[in-house]
Each structure stands twice: as structure tokens, then as C-alpha cells.
Amino acid sequence: MIESLKCNNKSSIRDAMSLINSNLKGCVFVVDGENILKGVITDGDIRRALLQDYNLETSLDAILHSNYVCGKLDDDVDSLKELFSEKIKIIPIVDNSNKLVDYFEFAQGVHFPVAAPSL
């Protein structure tokens with residue numbers, strides 16, 4: 001599943017949009033050729049870039065932000081949960097050399113009724 005969230009930093013905005021469209025997570029984790037995490041790009045980041053006159057063939061390097069949230073491989077669940085916010089629902093997990101190894105995702109609990117009403 002992590003492969004469906006990874007995009008190379010030299011890839012185009014079009015490539016990232018295609019990946020976001022297929023992974024249904026609203027973002028991609030941008031890595032270099034050695035799988036080092038360079039940033040996170042959301043569908044909102046792409047929308048803002050296009051409104052600033054970047055085009056679909058622009059490299060992801062051009063729109064990457066240096067302030068992204070990520071967790072470390074040895075972080076416990078409680079410390080990872082603290083990283084979530086209204087805007088952050090999925091967090092890349094990196095090892096000590098900043099290589100992308102996994103992700104942690106916030107999911108709302110789903111309510112399943114114990115019994116259905118019988119009328």
C-alpha cells in the first residue's frame with residue numbers, strides 16, 4: 001500500500017494528481033531516488049500551485065514545502081496520534097536515515113448498530 005502513496009520528487013504535478021486520484025488518500029509522499037522523504041503534497045497544494053500559474057508538467061520539487069509532519073519508526077502510537085490535526089489525517093513514517101518505511105492514518109470509528117429495528 002505504501003507504494004500507492006509514493007511519488008518521486010522529479011515527477012510532475014500530473015503524476016502526483018494521478019496517484020492521488022488512484023490512492024484516494026488526498027496526498028502523496030514525495031521521495032528521492034533513494035527513498036528519502038522530501039515532503040508531503042496534498043491535493044490542496046496542487047490546486048494552489050495551479051492557481052499560481054504552475055502547470056501540470058512542473059516538477060514536484062518546485063512546489064514542495066519544507067514544513068511537513070512525519071513520524072519516526074520507533075514512535076509509539078500515542079505520540080503519533082498527537083501529530084494529527086484538522087488538516088493532517090495521514091502521516092509518513094521514516095526510519096533513522098529519513099527513508100520512508102510506512103504511514104499512520106487517522107480513521108474515524110464506524111458505528112455498527114447491534115440490532116436493526118423491526119417495524
Exercise. Do Ile36 and Val94 share a hydrophobic cluster (ILVMFWY, side-chain heavy atoms under 4.5 Å, transitive)?
Worked result: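 No.
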Problem set entry | Single-linkage hydrophobic cluster, 4.5 Å side-chain cutoff, Ile20 and Leu56 together |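 Shared cluster, yes.
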Distance in Å, [X] [atom1] paired with [Y] [atom2], rounded so as to fall on 0.5 Å steps:
X: Cys27; Y: Lys89; atom1: SG; atom2: NZ; value: 12.5 Å
X: Lys72; Y: Ile91; atom1: NZ; atom2: CD1; value: 13.0 Å
X: Leu50; Y: Ile63; atom1: CG; atom2: CD1; value: 7.5 Å
X: Asp95; Y: Asn35; atom1: CG; atom2: CG; value: 8.5 Å
X: Leu64; Y: Lys38; atom1: CG; atom2: NZ; value: 9.5 Å
X: Tyr103; Y: Leu80; atom1: OH; atom2: CG; value: 14.0 Å

To check you understand the geometry: which heavy-atom pair defines the closest contact between [X] and [Y], and what is its length?
X: Leu24; Y: Asn21; result: CD2-O, 3.5 Å
X: Pro92; Y: Phe29; result: CD-CE2, 3.7 Å
X: Leu19; Y: Ser4; result: CG-O, 3.4 Å

Problem set entry | Atom NZ of Lys81 with >12 non-hydrogen neighbours under 6.0 angstrom |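 12 or below, so no.
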For this session: Determine whether more than 12 heavy atoms belonging to other residues, nucleotides or ligands lie under 6.0 Å from atom CG of Asn96.
Result: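 It does not: Asn96 CG has 12 such atoms or fewer within range.
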Tell me which one of [options] satisfies side chain to side chain contact (heavy atoms under 4.5 Å, CB included) with [X].
X: Ile46; options: Ile13, Thr58, Leu51, Leu60; answer: Ile13
X: Phe104; options: Leu83, Ile90, Val77, Asp75; answer: Val77
X: Val28; options: Asn23, Leu5, Asn8; answer: Asn23

Problem set entry | Whether Ser59 side chain and Ala62 backbone form a donor-acceptor pair below 3.5 Å |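 Not confirmed, Ser59 side chain does not pair with Ala62 backbone.
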Exercise. Ion pair present between Glu57 and Arg14, side-chain N to carboxylate O less than 4.0 angstrom?
Worked result: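 A salt bridge is present here (some side-chain N lies under 4.0 Å from a carboxylate O).
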For this session: Go through the side-chain N and O atoms of Ser18 and Asp15 and say whether any donor and acceptor fall under 3.5 Å apart.
Result: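 Distance-only check fails for Ser18 and Asp15.
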For this session: Go through the side-chain N and O atoms of Asn9 and Asp32 and say whether any donor and acceptor fall under 3.5 Å apart.
Result: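 No.
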Non-hydrogen side-chain atoms of [X] and [Y] separated by less than 4.5 Å:
X: Val30; Y: Tyr68; value: no
X: Cys70; Y: Leu37; value: yes
X: Arg48; Y: Thr42; value: yes

